[in-house]
Amino acid sequence: MKKRIMVTGGCGYIGSHTAVALIENDFEVLILDDLSNSNKEVLDRIKSITGIRPKLLEVDLKDSFLCDNMFCYNKNIDAVIHFAAHKAVSESIEKPLKYYHNNLYALINVLVAMEKYNINNFIFSSSATVYGNPDELPITEKNKTKRPFSPYGNTKRVAEEVLEDITISNKDLSAISLRYFNPIGAHDSGCLGELPNGIPNNLMPYITQTAVGIRKTLSVFGNDYPTKDGTPIRDYIHVVDLAEAHVIAVQRLLEKKQENAFETFNLGTGNGYSVLEIINAFEKVLNQKVNYTIADRRPGDVPQLYSDTSLAKTKLGWVAKRNLENMIATAWKWEQNYRQEQNLQEN
Ligand code: NAD
Ligand code: UDP
């Protein structure tokens, strides 16, 4: 019988790519999502790639009663991958309570239900933001976590502390926290990709939307950082590589290969690129100029973040396979396909 994986936030950007990877590896996927930052149509996109339309349970996981119901009426769950969260850093600075409320209530409600219904395998979507402004680069999992600059980031750090505590008290529970660096790119098919609500906060969707003509000018937030060209350096990772890492992490839990009840892994490529390097690479891949201007620094941005991924390599047997050109080309293919679909629907 297929192993059944509950994927919270599975209609979102990373969750939907992970749903595809899970289905392709013969898992059954059950999605829980309140669609606060996604759309049901993603299920058709998953079906067009895999031939299977996963079941969606539309639920706000902040609601403990409804969350409990989902677990009560959907039995035989082998593992939970918890993506559901709000993720806009700047909004979290303006509305911290919204972020603590959503991200922590949803997490706690899921964990309480898992304990009640005896589900013992949990994967958590964490972030490189838990390292704050790191003292040492590249960042290994041994780097101390620091108070992140944003309430959003702090929800990730607090969540990891919660997981550490409960895996000590609940001997049956195993948890893996995956610390993503900067996910970009889209599925090769061009049918699935990132679809931010409103104006994008992240660099890659802002670039593709500028290139496609929806945004006028990309603002480069600061060129006076202590880096090679003055713009911040990040470790960009292809979303499909990230999705594949989740499949491996689930298998590690199901096969009881864990060395500790709570494990953390960096998921990046180990390569750091500056904002200007990303723009240049985009222009080269597309043979098209991106309209940009230098703007003030964005509050909370750190100069450099890039990973040491050797732990994921040795313990999970995972390395990122896709290069920057592929990340850019797939993001662009998705942007163009999506806009074409929208135009067809409007005409
Ligand atoms: P996303 O917004 O595309 O997906 C999150 C999904 O969770 C959405 O479909 C949303 O509707 C759902 N959701 C939010 N709150 C919910 C709730 N209370 N109940 C039910 N569903 C809810 O975001 P993403 O980029 O796919 O990120 C997935 C996870 O990865 C998040 O936890 C995010 O914090 C984390 N992460 C993302 C990045 C990134 O750059 N994208 C980096 C590091 C970590
Ligand atoms: N960035 C930018 N303009 C934008 C969006 C982002 O210059 O419109 C920069 C941002 O300052 C950071 C990098 O691009 O240095 C990556 O930002 P993103 O928001 O994608 O991810 P983060 O690293 O903040 O999680």
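Note that ligands are numbered from 1 as they come in the structure, with each ligand's atoms numbered from 1 the same way.
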inquiry  = Under the side chain to side chain donor-acceptor pair (under 3.5 Å) definition, can you give me all pairs with a residue in residues 186-197, not counting sequence neighbours?
reply    = Asn37-Asn197, His187-Ser189
note = Honestly, for Ser219 the part within reach of ligand 2 (heavy atoms, under 4.0 Å) is backbone
inquiry  = For Tyr225, state whether at least one heavy atom is located under 4.0 Å from any atom of ligand 2.
reply    = no
key: His17 ring center near Phe83 ring center (under 6.0 Å)   = no
query = Do the ring centers of His86 and Tyr100 come within less than 6.0 Å of each other?
reply = no
query = Which other residues belong to the hydrophobic cluster containing Val130, where Ile, Leu, Val, Met, Phe, Trp and Tyr are joined when side-chain heavy atoms lie under 4.5 Å apart, directly or via other members?
reply = Tyr131, Leu137, Ile139, Phe149, Phe181, Ile233, Val302, Leu305, Tyr306
request  = Could you tell me whether some N/O pair between Val275 and ligand 2 is separated by less than 3.5 angstrom?
outcome  = no
request  = Mark the output for Val59 as yes if a heavy-atom distance to ligand 1 is under 4.0 Å, and as no if none is.
outcome  = yes
ask   = Does ligand 1 have an atom that lies less than 4.0 angstrom from a heavy atom of Ser126?
value = yes
No-hydrogen, no-angle side-chain donor-acceptor test under 3.5 Å, Asn223 and Thr231 = no
Donor-acceptor side-chain pairing of Asn109 and Ser64 below 3.5 angstrom = no
request  = Number the atoms of ligand 2 from 1 as they appear, then name those within less than 4.0 Å of a heavy atom of Tyr236, with their elements.
outcome  = 13 (C), 16 (C)
ask   = Based purely on interatomic distance, does Val220 place a nitrogen or oxygen under 3.5 Å from a nitrogen or oxygen of ligand 2?
value = no
Contact partition for Leu203 relative to ligand 2, non-hydrogen atoms under 4.0 Å = both
ask   = Could a heavy atom of Tyr152 be found less than 4.0 Å from some atom of ligand 1?
value = yes
query = Does any donor atom in the side chain of Ser174 or Gln258 lie under 3.5 Å from an acceptor atom in the other side chain?
reply = yes
query = Heavy atom of Lys156 under 4.0 Å from ligand 1?
reply = yes
ask   = For ligand 2, which part of Asn201 has a heavy atom less than 4.0 Å away: the side chain, the backbone, both, or neither?
value = backbone
query = Would one find an N or O of Asn182, backbone or side chain, under 3.5 Å from an N or O of ligand 2?
reply = yes
